[in-house]
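Report on one structure; see the data block that follows.
When reading the values below, keep in mind they use all heavy atoms of this one structure, side chains included, and skip hydrogens, waters and symmetry mates. Chain A is the first sequence line, chain B the second, and so forth, proteins listed ahead of strands; every chain is numbered from 1.
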Protein chains: 2
Amino acid sequence: MEHGIPATQRGRKHLLVREYVRSLIVDAEPGSPAPSERDLVEQFGVARMTVRHALDGLVAQGLLERIPGRGTFVTKPLIDMQMRLSSFSEEMERRGKVPESRTLLARRETAGPGLARALETEVGSPIVHWERLRLADGQPIAIQHVYLSLETFPRFLDDALPASLYYAFADRDLMPTWGEDSVVAAVATEDEAESLELEPGAPVLHISRRSFCREVAVEVTRSIYRADRYTLWVPVLRPEHLR
Amino acid sequence: MEHGIPATQRGRKHLLVREYVRSLIVDAEPGSPAPSERDLVEQFGVARMTVRHALDGLVAQGLLERIPGRGTFVTKPLIDMQMRLSSFSEEMERRGKVPESRTLLARRETAGPGLARALETEVGSPIVHWERLRLADGQPIAIQHVYLSLETFPRFLDDALPASLYYAFADRDLMPTWGEDSVVAAVATEDEAESLELEPGAPVLHISRRSFCREVAVEVTRSIYRADRYTLWVPVLRPEHLR
DNA sequence: ACGATAGCGAGGTCTAGCCCACTTCGACTG
DNA sequence: CAGTCGAAGTGGGCTAGACCTCGCTATCGT
């Protein structure tokens with residue numbers, strides 16, 4: 001049987017089955033049936049437990065839905081129920097806009113108590129403070145302050161500033177995998193209003209983010225978004241145990 | 001063998017094992033080992049596949065971590081990486097505050113185009129509009145407007161208003177399981193400022209939520225939070241395929 | 001003293017069945 | 001014609017083994 005997926009690994013037949021079924025359902029209609037477990041057993045010549053293990057993964061990912069007595073079906077691709085840790089550029093591109101960035105400030109500072117706690121370092125330790133104006137389709141959207149520990153990113157300011165912060169993370173194998181946002185409303189200060197081309201007192205959205213790679217706090221960003229040009233969208237799930 | 005969990009259900013031995021292990025690890029130190037799979041096989045007199053199935057659930061929930069060659073261990077309870085669909089009361093209780101609610105308005109209205117689209121009904125169809133002031137420890141926190149379709153909740157206004165909206169959902173088997181929030185900054189209007197005991201022009205956080213049960217839009221809420229008393233916290237994960 | 005290695009126990013994968021509960025649907029029956 | 005009943009097929013759960021790789025460690029040989 002040839003399924004186009006080479007069995008590069010010994011064992012792991014369940015991955016073969018899983019990827020085969022995944023290839024079937026990527027462009028299948030929601031609600032259409034997947035092959036039955038016993039069919040797959042016959043097709044691949046494996047035990048049913050193996051097929052079940054393979055499908056378990058797709059069910060866990062929400063691609064398939066099992067209905068006892070009826071079969072296994074392709075789910076309606078609900079929504080990515082996970083808020084994504086994405087950069088400003090990624091987010092604007094997803095919205096079909098052209099991102100742009102102008103550096104307003106990039107210098108060495110020392111950590112105050114708040115930053116020290118957020119970056120898990122000591123008060124007075126050296127910090128990079130990089131402030132950029134972020135635009136989409138040429139219109140100012142946000143002011144973004146990035147804070148990095150110079151202990152984590154030695155000589156960061158000695159070289160040219162990276163085109164994207166995420167290159168710097170990738171280079172050092174510190175790409176963040178998770179984080180937390182704190183969101184609060186505020187009104188624009190005079191400086192902010194000037195950069196964002198607003199009147200002082202106009203509402204702005206403050207988003208403070210701590211990003212982590214494994215257990216280490218990699219960056220702290222504080223972004224000030226024009227409320228009239230940016231709405232935060234957050235998908236939410238009700239936890240299983242409260243349903 | 002007595003583990004305190006009655007085997008109310010025939011079959012489902014894996015649930016017995018799962019809940020036993022869960023009871024062991026709820027107050028175990030992160031990093032401490034769980035019983036080995038073969039130990040559990042002996043303790044419960046079940047097959048190893050059954051034990052593995054039991055542990056699979058705990059691993060999927062992020063409570064346990066398998067390390068090949070070493071064992072299975074209690075994970076550091078990182079963070080609930082999922083923004084929770086919780087009510088105002090639930091959220092305030094989680095923050096250790098006493099929630100309170102004062103109804104400002106409860107009446108029948110008809111859907112305008114925006115509401116009709118959000119509630120997936122037609123323009124002009126009957127709507128419940130329920131406005132409440134939400135307090136925590138006696139302090140005003142937010143104004144919450146709830147909109148329900150009277151088609152989904154017939155006679156909602158004929159009875160006494162429910163103590164919690166979630167009772168109304170539970171009664172009708174329409175408990176929302178997922179939703180989406182849109183978050184934006186604004187400044188308080190005069191009316192809002194008065195209710196929230198703010199000066200007009202003070203920043204407020206607008207959170208618009210659509211909640212769904214299965215595929216039906218159950219409720220739309222529009223909440224106006226005092227920015228000085230409420231910060232939204234959002235956990236974020238970087239999607240697997242971008243790591 | 002130190003390094004190589006063998007053994008043990010851990011999880012990872014897999015087999016070839018078994019019975020159960022449930023849904024569906026067609027055939028049979030009153 | 002309507003209702004019932006059962007066969008076929010589905011996923012759910014389970015067994016009692018098997019062999020694999022990996023991490024650790026104790027022991028043995030140099």
Distance in angstrom units between B:F73 CZ and D:dC22 C1', rounded: 13 Å

Do B:Q144 and B:Y225 have a side chain donor and acceptor closer than 3.5 Å? no

Can you tell me how far P of D:dG12 sits from CD of A:E65, to the nearest Å? 11 Å

From CZ of A:R48 over to P of C:dT13, roughly how many Å is that when rounded to an integer? 19 Å

Polar atom pairs (N or O), protein with nucleotides 3-6 of chain C, under 3.5 Å:
none

Within the 3.5 Å criterion, strictly below it, is a donor on A:E65 or A:T75 matched to an acceptor on the partner's side chain? no

Spacing between B:L15 atom CG and D:dG13 atom C1', to the nearest angstrom: 10 Å

Take atom CD of A:E42 and atom C1' of C:dA16, then tell me their distance rounded to the nearest Å. 14 Å

Between the side-chain atoms of A:R52 and the base atoms of D:dG13, is any donor-acceptor pair under 3.5 Å? no

Distance test, side-chain N/O of B:T50 to OP1/OP2 of D:dT15, below 4.0 Å: yes

Rounding to an integer number of Å, can you tell me how far B:D56 CG sits from D:dG13 C1'? 14 Å

Pairwise side-chain contact, A:L148 with A:F169, heavy-atom cut-off 4.5 Å (strictly under): yes

If you look only at distance, which donor and acceptor atoms sit under 3.5 Å apart when one is on a side chain in residues 116-123 of chain B and the other is two or more places apart or in another chain?
from   : atom 1 : to     : atom 2 : distance (Å)
B:T121 : OG1    : B:S125 : OG     : 2.9
B:T121 : OG1    : B:E151 : OE1    : 3.1

Quickly work out the A:E37 CD to C:dT23 P distance and round it to whole Å. 17 Å

Would you say C:dG11 has OP1 or OP2 under 4.0 Å from some side-chain N or O of B:R66? no

Please tabulate, for side-chain N and O atoms in residues 152-161 of chain A, each donor-acceptor pair with protein atoms closer than 3.5 Å (sequence neighbours left out).
none

So, using side chain to side chain contact (heavy atoms under 4.5 Å, CB included) as the criterion, who are the partners of A:V74 when residues are at least two apart? A:I25, A:A28, A:S32, A:L64

With a 4.5 Å cut-off on side-chain heavy atoms, are A:I207 and B:V234 touching? no

Of all the choices, D:dT15, C:dG12, C:dT13, which nucleotide is nearest to the side chain of A:H53 once you look at every atom? C:dT13

Please write out the pairs of protein N or O atoms and N or O atoms of nucleotides 7-9 of chain D separated by less than 3.5 Å, giving the distance to one decimal.
from  : atom 1 : to    : atom 2 : distance (Å)
D:dG9 : N2     : A:G69 : O      : 3.1

Taking the side chain as everything from C-beta on, heavy atoms only, tell me whether A:R66 gets closer than 4.5 Å to A:R52. yes

Starting at the 5' end of DNA chain C, which residue's closest nucleotide do you reach first, A:A47 or A:I67? A:A47

Calculate the interatomic distance between B:L40 atom CG and C:dG11 atom C1'; express it in whole Å. 13 Å

Applying side chain to side chain contact (heavy atoms under 4.5 Å, CB included), name anything that partners B:R22, two or more places apart in sequence or on another chain. B:R18, B:E19, B:V26, B:L58, B:Q61, B:L63

